[in-house]
> 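Below are the structure tokens for one structure; questions will follow.
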Amino acid sequence: MEIETLSMTLGQKLKDLRNSLKSTDKKWTMEFVARSVGVSSGAISQYEGDLSVPGNDVLLSIAKLYGVGVNELIDPDETPSTETYKKKKQRWNGDTVSPLLPYEKTKLYLANLPDKEAELYIPFYDVEVTAGNLQLYFDDVEETPEGYVYAPQYRGCIMCHVKGDSMYDRIYPGARLYVQQLPNKKYIDFGQIYLVVLDGYRLLKYIQPHPTDETKVRLVSHNQQYHFWDVERVDILNLFLVKGYENQNAM
């Protein structure tokens, strides 16, 4: 006698994945998933109940959040597993990396949130951190970000990607970088990692005091293949303190 295997609906898969994660971490409520992907908790309830189907952007964000492939969700014969997510979680030291949320849809969603909740979503700019003119992206209020990331631990920051290797092997190329602009470039906490903007350059470096000249600072790489660079303080156009980073490419 053959036993018929019942296929799972999209809603059942979404509910099972969330409950599986919630069994070991109570934060995985509908509200948490909703905030992480930029929709309402009611929408998540409808998705899990097969009362509505998420759009492509939302479905991709949910898949990334759960650490599964989109095909595993939409194929009725595929049973997704959270094992991939659990492995990623270990490599990220227990921190969940939120998916990048599309700009247009997320902007409309944020417009309906109270300010204290909306500010938990930080803008993402797809810029390099080793060359170029960063302040054009981060100072110009008319400049449109690529999207948003739900990152309450980095409130007030801006997210970008690391594409250089000057801080390897502490910060890897491809890492997410969370930076906060400093309103006063005069006061520098030496030894911290900064994103330093010069004329034609933006550099991810430690800032150290210059050994003999107080009008200068020394930019030092973590990667020993790079030589230090002494610059005039007045030549620093913009300064961002690195508040955190996530080495995603190290998975």
Side-chain angles (χ1 to χ4, degrees), residues 7-76 78-86 88-89 92 94-126 143-161 176 178 244 246 248 251:
S7 299
M8 294 180 67
T9 65
L10 172 60
Q12 290 170 332
K13 291 179 181 181
L14 295 176
K15 185 175 182 179
D16 283 357
L17 283 169
R18 185 178 60 80
N19 285 336
S20 175
L21 293 167
K22 191 177 179 183
S23 66
T24 56
D25 189 341
K26 298 301 181 184
K27 75 178 179 183
W28 287 92
T29 61
M30 288 186 184
E31 289 75 15
F32 173 77
V33 174
R35 290 196 304 269
S36 299
V37 300
V39 298
S40 68
S41 56
I44 298 298
S45 177
Q46 290 202 342
Y47 301 155
E48 292 187 359
D50 286 313
L51 299 177
S52 66
V53 178
N56 291 337
D57 290 340
V58 174
L59 186 61
L60 179 60
S61 295
I62 293 175
K64 288 183 177 179
L65 183 67
Y66 287 161
V68 300
V70 173
N71 288 339
E72 294 179 85
L73 296 177
I74 62 177
D75 188 338
E78 285 282 346
T79 303
S81 168
T82 57
E83 287 304 311
T84 303
Y85 167 81
K86 291 176 181 177
K88 290 180 181 178
K89 186 176 178 181
W92 292 331
D95 294 328
T96 302
V97 177
S98 294
L100 302 180
L101 308 176
Y103 172 75
E104 289 297 337
K105 290 187 177 181
T106 309
K107 182 181 178 182
L108 295 175
Y109 171 71
L110 296 182
N112 295 318
L113 288 180
D115 290 341
K116 289 186 177 180
E117 293 185 28
E119 66 186 16
L120 302 182
Y121 293 81
I122 68 172
F124 158 64
Y125 293 85
D126 190 12
E143 187 69 26
T144 302
E146 294 290 319
Y148 294 90
V149 176
Y150 177 69
Q153 69 273 39
Y154 297 120
R155 182 185 309 199
C157 290
I158 295 164
M159 198 204 94
C160 56
H161 277 136
R176 286 186 179 186
Y178 298 92
E246 293 158 345
Q248 298 184 89
M251 295 183 297

> Looking at Ala151 and Ile122, what are the two nearest heavy atoms and their distance?
CB-CD1, 4.2 Å

> Whether the side chain of Glu117 engages the backbone of Pro114 through a donor-acceptor N/O pair (distance < 3.5 Å, no angle test) should be reported.
no

> Would the distance check show the side chain of Ser20 and the main-chain N or O of Asp16 forming a donor-acceptor pair, the cut-off being under 3.5 Å?
no

> Is there side-chain contact between Pro99 and Leu60, with at least one heavy-atom pair below 4.5 Å?
no

> Could you tell me whether the side chain of Tyr121 and the main chain of Arg35 form a donor-acceptor pair under 3.5 Å?
yes

> Indicate the atoms forming the closest heavy-atom contact of Val70 with Ala63, along with that distance.
CG2-CB, 3.8 Å

> In Å and rounded to the nearest 0.5 Å, what is the CE to OH distance from Met159 to Tyr125?
12.0 Å

> Output the distance between atom SG (Cys160) and atom CZ (Phe124), rounded to the nearest 0.5 Å.
8.0 Å

> Hey, are the side chains of Tyr66 and Val33 touching, using non-hydrogen atoms and a 4.5 Å cut-off?
yes

> Do Val68 and Lys13 touch side chain to side chain, with heavy atoms closer than 4.5 Å?
no

> Check the angle between the aromatic planes of Tyr148 and Tyr103 and answer parallel, tilted or perpendicular using the 30° and 60° thresholds.
parallel

> Of all heavy-atom pairs between Tyr47 and Val53, which one has the smallest distance, and what is that distance?
CE2-C, 3.9 Å

> State, with a plain yes or no, whether a side-chain heavy atom of Leu21 is found less than 4.5 Å away from one of Asp25.
no

> Do the side chain of Arg18 and the main chain of Trp28 share a donor and acceptor less than 3.5 angstrom apart?
yes

> Distance from Leu14 atom CG to Asn19 atom CG, nearest 0.5 Å?
11.0 Å

> Compare all side-chain heavy atoms of Arg155 with those of Leu120 and state whether any distance is below 4.5 angstrom.
yes

> Hey, what do you get for OG (Ser40) to CE (Met30), rounding to the nearest 0.5 Å?
11.0 Å

> Determine whether Pro54 and Leu10 make a side-chain contact, defined as any pair of heavy atoms from C-beta on separated by less than 4.5 Å.
yes

> Taking all atoms of both residues into account, what is the closest heavy-atom pair of Ala118 and Leu110, and its distance?
CB-O, 3.9 Å

> If every non-hydrogen atom of Ser36 is compared with every non-hydrogen atom of Leu65, which pair is closest and at what distance?
CB-CD2, 3.8 Å

> Report the relative orientation of the aromatic rings in Tyr154 and Tyr178; use parallel for angles under 30°, tilted for 30 to 60°, perpendicular for over 60°.
parallel

> Kindly compute the distance separating CG (Leu101) from NZ (Lys107), expressed to the nearest 0.5 Å.
15.5 Å

> Heavy atoms, side chains only, cut-off 4.5 Å: are Leu17 and Ile62 in contact?
no

